[in-house]
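Numbered from 1 within each chain, the chains take letters A, B, ... in sequence-line order. Keep in mind it's a predicted model, so treat the numbers as computed, not measured.
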Amino acid sequence: MVRVELPDGAIVEAEETESPLDIAGRLGARLKAAVLAAQIDGTTVDAVRPFGEVVAAGTDRPVKLRLLTDRDTEALGVLRHSAAHVMARAVMRLFPDVQLAFGPTTASGFYYDFDLPRPIREEDFAAIEAEMKRIVDDAEPFERFNLPREEALSFCEGLKQGFKVEHIGGGLKEHPTLGFYRQGEFVDLCRGPHIPDAGRIKAFKVVSVAGAHWKGDQGGRPLQRLYGTAFFSKKDLDAYLEQIEEAKRRDHRVLGKRMGLFHIDPDVGQGLVLWLPKGAMIRGTLEEFLKKELIRRGYEPVYSPHIAKLSLYETSGHFPHYRESQFPPMGDNALEEPVKRHFAYLEVLKNWYSASEDKDGVLASAKNYDEAMQKDIGAFSAEGSKLAEKVSAEPSFEGKLFVLRLWLSEQDKYLLKPMNCPHHAMMYKSRPRSYKQLPLRLAEFGTVYRHEQSGELNGMLRVRGLTQDDAHLFCTPEQVEQEFRDTLELTRFVLESVGLHDYRVQLSVRDPGSDKYVGSEENWATAEAALRKVLTESGLNFVTAEGEAAFYGPKADFMVRDALGREWQLGTVQLDYNLPERFGLEYIGADNTPHRPVMIHRAPFGSMERFVGMLIEHFAGAFPLWLAPEQIRVLPLSEKTNEDADRITAKLRDAGFRAVCDKQDAKLQAKIREAQLDLIPYMFVVGPKEAAAGAVAVRDRIEGDLGAMPLEAAIEKLRAEVDARTVRQVAKPSTVAVASAGEANEY
RNA sequence: GCUGCUGUAGCUCAGUCGGUAGAGCGCGUCCUUGGUAAGGACGAGGUCAAGGGUUCAAGUCCCUUCAGCAGCUCCA
């Protein structure tokens, strides 16, 4: 007997052989039909799993039971995982020689990785879905059984499922017994849980196919990953598909092109953004806004060049560490190779000469050496022949070495800057610093270049030249807490100013077991405590991620949710104990001895490219007045009022507005339609009546015709809206985001 | 970078079996001079991503390159 406590507190008794589904049956036939899975003491299990298999023998306290139906998001994950099995079964029926890899659930559905001889194409989806429908209609149950590992191994070998065999021997080698699920002819190694039978899947769809690798390893066997999704109802599925359509309509690449915001041209380079006038206006407005705010908060704007000597980034550690994702250094001279070789050889000769008794013999060798060098360096290029001549002209080894060393020292290589911090560190270092001058806050919209893998590039969201709204705060360890607090406050202010209110913070701290971190134990402890304290005090929603800290310090990332419910990682605040060390930064403390400052990197927008890209999608292109590249379109009723409209446009520009006069030969309706489609916040119609009265007929993009008002009144109205940075409307998606599923089922 | 898919006018797309390139929107000119989401007529616009191959003949079939998309892997 097992005692089972229901959510309402009632206790019922069940046999060990009975299952949650049996309990549901006792409570009512409708409930039984609705049950998809169960939770016993918080663990999600098959609804048909007997209590005896789940509850430890001899348990006499009542176990808590929740019956999961389509009202519980946990059940959605179970449903989807079962749908993944159904899809795999369908694929195995349709394609011979399918090898199954993993088939877990994801936030919005599921996938299954297959190894099969021919590629699955989108044209195949209909057939796969039809086969899935047959399986669902048959409504066969999912039956669980366990096998001891040896039997499980031979069982999978019998099924010719090599990946499963490998997985049992690898990732699951600690498991003494292994779970399987059978559904008709289909059997899969799986820990479950599953829904009672396939008939419970009311809505599903094969979504896309893509490449993947066994165990996510680039070198691993290539697989085909078939994505699908499943929902409790057709309605939920349709809502989900509609949301995907909405996201497509909002795609910043589409809107950016249509609205003339930016352009990326293969002749310029992949991932290099051309900011067209309208996009540049949005970015410029944001930059101006932020810069003003920064100055108010004691930051000092600086500028630094786009390139610097390679050695700067060798000092900072960026070049050696991220070499693969940087543009190659400039000024690579192929002559360097032979010069270095000869330099090393000459040093040997020199040492030999000074140590040797037979000085003449060494000198004889040196003669041969000159010949060899002429062949090697002299014949290399015009530059090489000049250099070789100079080297030959030097009689002593010291002299030759000097000439080569001088040449080598002149071979400066330069790198497009991958980070702004080394430049700012050098600014810090440009003069002695006292604790009295700290914190020093250097701010720059600094463009950095990173050679991201071609497959990663994505419109403005992932680019190869990006402009960080960067700043570096150099402060004493005691000041870290206050600086972090101020930075949080600033980031908050900035996000709220563009109408982003839904965000959370991820605090990334050390993995206490790892030794990959730089900086003293004490510094880390203080820093993490300070960050956590400030975050707690701030009342912000934050989670701590252990082991996610950078090797040089803890960080706090801002995760922002947009109008479609998608989460974006934007701003970041990072503490750094490493760079001050590497650059030997110091300040003189009150005790008149040198100390090492702490550096804080922070970027509330992240990068201008990514931030503006996100904003385009968030607003669906309909920017609030203060950000709109074109704020007002002045519409003369006919050519007769063109001049009046011009005058009004000029006045609006004088008043600081971005206004354009539409003098096309078209009817008012057509001009209005065009302005509406261009998402212009306000239209000022100027006809003979308005011209005579010094007025404009204001049309609001959102509200429509507001009637005529004196130009001054209209200006005041709009100015108030700009000054308050009012966000009047965030284009809402037509549907609400559908709940995401729970944990992934990995096998 | 890897796997798969795609590339036709400024944009969105059609183009059958390999046989001289099409539409809508946009653009230009003219007519029209208008009151809150499309007035009309005419016209210009193409090395079918680039290069190579097969063929009497290639937008169409094959190969290579480039670019884009989706996913994987990466992200200071």
Positions of residues 264-271 of chain A (non-hydrogen atom under 4.0 Å from RNA chain B), listed by number:
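Residues of residues 264-271 of chain A that come under 4.0 Å of RNA chain B are, in numerical order, A/Pro266, A/Gln270.
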Looking at RNA chain B, which of residues 672-689 of chain A put a heavy atom within less than 4.0 Å of it?
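Close to the strand are A/Ile672, A/Arg673, A/Gln676, A/Leu677, A/Val685, A/Gly687, A/Pro688, A/Lys689.
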Checking the side chain of [X] only, and the main-chain atoms of [Y] only, is there a donor and an acceptor separated by less than 3.5 Å?
X: A/Lys555; Y: A/Leu507; answer: no
X: A/Arg80; Y: A/Thr229; answer: no
X: A/Tyr517; Y: A/Asp511; answer: yes
X: A/Glu721; Y: A/Leu625; answer: no
X: A/Arg253; Y: A/Gly613; answer: no
X: A/His252; Y: A/Met460; answer: yes
X: A/Glu444; Y: A/Ser304; answer: yes

For [X] and [N], give me the distance from atom [atom1] to atom [atom2], rounded to whole Å.
X: A/Phe114; N: B/U3; atom1: CZ; atom2: P; value: 20 Å
X: A/Met259; N: B/G26; atom1: CE; atom2: P; value: 18 Å
X: A/Leu116; N: B/U3; atom1: CG; atom2: C1'; value: 13 Å
X: A/Phe102; N: B/C72; atom1: CZ; atom2: P; value: 16 Å
X: A/Met460; N: B/G68; atom1: CE; atom2: C1'; value: 17 Å
X: A/Tyr227; N: B/G71; atom1: OH; atom2: C1'; value: 5 Å
X: A/Leu635; N: B/G35; atom1: CG; atom2: C1'; value: 11 Å

Work out how far the [atom1] atom of [N] is from that of [M], and round it to whole angstrom.
N: B/U65; M: B/G46; atom1: P; result: 30 Å
N: B/A37; M: B/A41; atom1: C1'; result: 24 Å
N: B/C48; M: B/C61; atom1: C1'; result: 15 Å
N: B/G52; M: B/A14; atom1: C1'; result: 29 Å
N: B/A67; M: B/A44; atom1: P; result: 36 Å
N: B/A49; M: B/G59; atom1: P; result: 10 Å
N: B/U3; M: B/A57; atom1: P; result: 35 Å
N: B/U73; M: B/C17; atom1: C1'; result: 43 Å

Least distance between heavy atoms, [X] atom then [Y] atom:
X: A/Gly465; Y: A/Tyr449; value: CA-CD2, 3.8 Å
X: A/Phe110; Y: A/Ala230; value: CE2-N, 3.9 Å
X: A/Ala210; Y: A/Tyr227; value: CB-CE1, 4.4 Å
X: A/Asn420; Y: A/Thr447; value: OD1-N, 4.4 Å
X: A/Gln664; Y: A/Lys671; value: O-CE, 3.3 Å
X: A/Gln224; Y: A/Leu116; value: NE2-CD2, 3.0 Å

Does A/Tyr111 have A/Arg225 sitting over its ring (NZ/CZ under 6.0 Å from centre, angle to axis within 45°)?
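So A/Arg225 does make the cation-pi contact.
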Hey, are [X] and [Y] close enough for a salt bridge, meaning a charged N less than 4.0 Å from a carboxylate O?
X: A/Glu617; Y: A/Arg566; result: yes
X: A/Lys248; Y: A/Asp251; result: no
X: A/Arg464; Y: A/Glu456; result: no

Can you tell me if the side-chain N/O atoms of A/Arg253 get under 4.0 Å from OP1 or OP2 in B/A67?
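For B/A67, OP1/OP2 do not have a side-chain N/O of A/Arg253 under 4.0 Å.
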Side-chain N or O of A/Arg258 less than 4.0 angstrom from OP1 or OP2 on B/G26?
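Negative; the distance criterion is not met.
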For each nucleotide in nucleotides 29-34 of chain B, reading 5' to 3', give B when a protein heavy atom comes within less than 4.0 Å of its base, S when such contact involves only the sugar-phosphate, and - otherwise.
--BBBB
What string of B, S and - do you get for nucleotides 6-14 of chain B 5' to 3' if you count protein non-hydrogen atoms under 4.0 Å?
---------
Could you tell me whether A/Arg225 contacts a base, only the sugar-phosphate backbone, or nothing, with contacts defined as non-hydrogen atoms closer than 4.0 Å?
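The answer is sugar-phosphate, as A/Arg225 gets under 4.0 Å only of primed atoms, P, OP1 or OP2.
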Within the 4.0 Å heavy-atom criterion, would you say A/Glu690 contacts the bases, only the backbone, or no part of the nucleic acid?
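If one applies the 4.0 Å heavy-atom cut-off, A/Glu690 turns out to touch a base.
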Quick one, A/His424 with A/Phe474, criterion ring pair (Phe, Tyr, Trp, His ring centres under 6.0 Å). Give me CA distance, side-chain angles, the key distance, then yes/no.
CA-CA 10 Å; A/His424 294 178; A/Phe474 300 85; 7.8 Å; no
Protein-nucleotides 74-76 of chain B N/O pairs under 3.5 Å:
residue, atom, partner, partner atom, Å
B/C74, O2, A/Arg462, NH2, 3.1
B/C74, N3, A/Glu456, OE1, 3.4
B/C74, N3, A/Arg462, NH1, 3.3
B/C75, O2, A/Arg462, NH2, 3.1
B/A76, O4', A/Tyr322, OH, 2.8
B/A76, N6, A/Ser325, O, 3.2
B/A76, N6, A/Ser325, OG, 2.9
B/A76, N1, A/Gln326, NE2, 3.2

Step through it carefully: locate the ring centre of A/Trp214, locate the ring centre of A/Phe102, and say whether they are under 6.0 Å apart.
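Close enough - the centres of the two rings lie under 6.0 Å apart.
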Does RNA chain B take part in any stems of at least 3 consecutive Watson-Crick or G-U pairs (both distances under 3.5 Å), and if so, which ones?
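Listed by first number, the stems are B:1-7 with B:66-72, B:10-13 with B:22-25, B:27-31 with B:39-43, B:49-53 with B:61-65.
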Starting at the 5' end of RNA chain B and moving along, which residue's nearest nucleotide shows up first, A/Gly459 or A/Leu223?
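Taking each residue's closest nucleotide, the earlier one in sequence belongs to A/Leu223.
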Side-chain donor-acceptor contact under 3.5 Å, A/Tyr552 with A/Glu581
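No.
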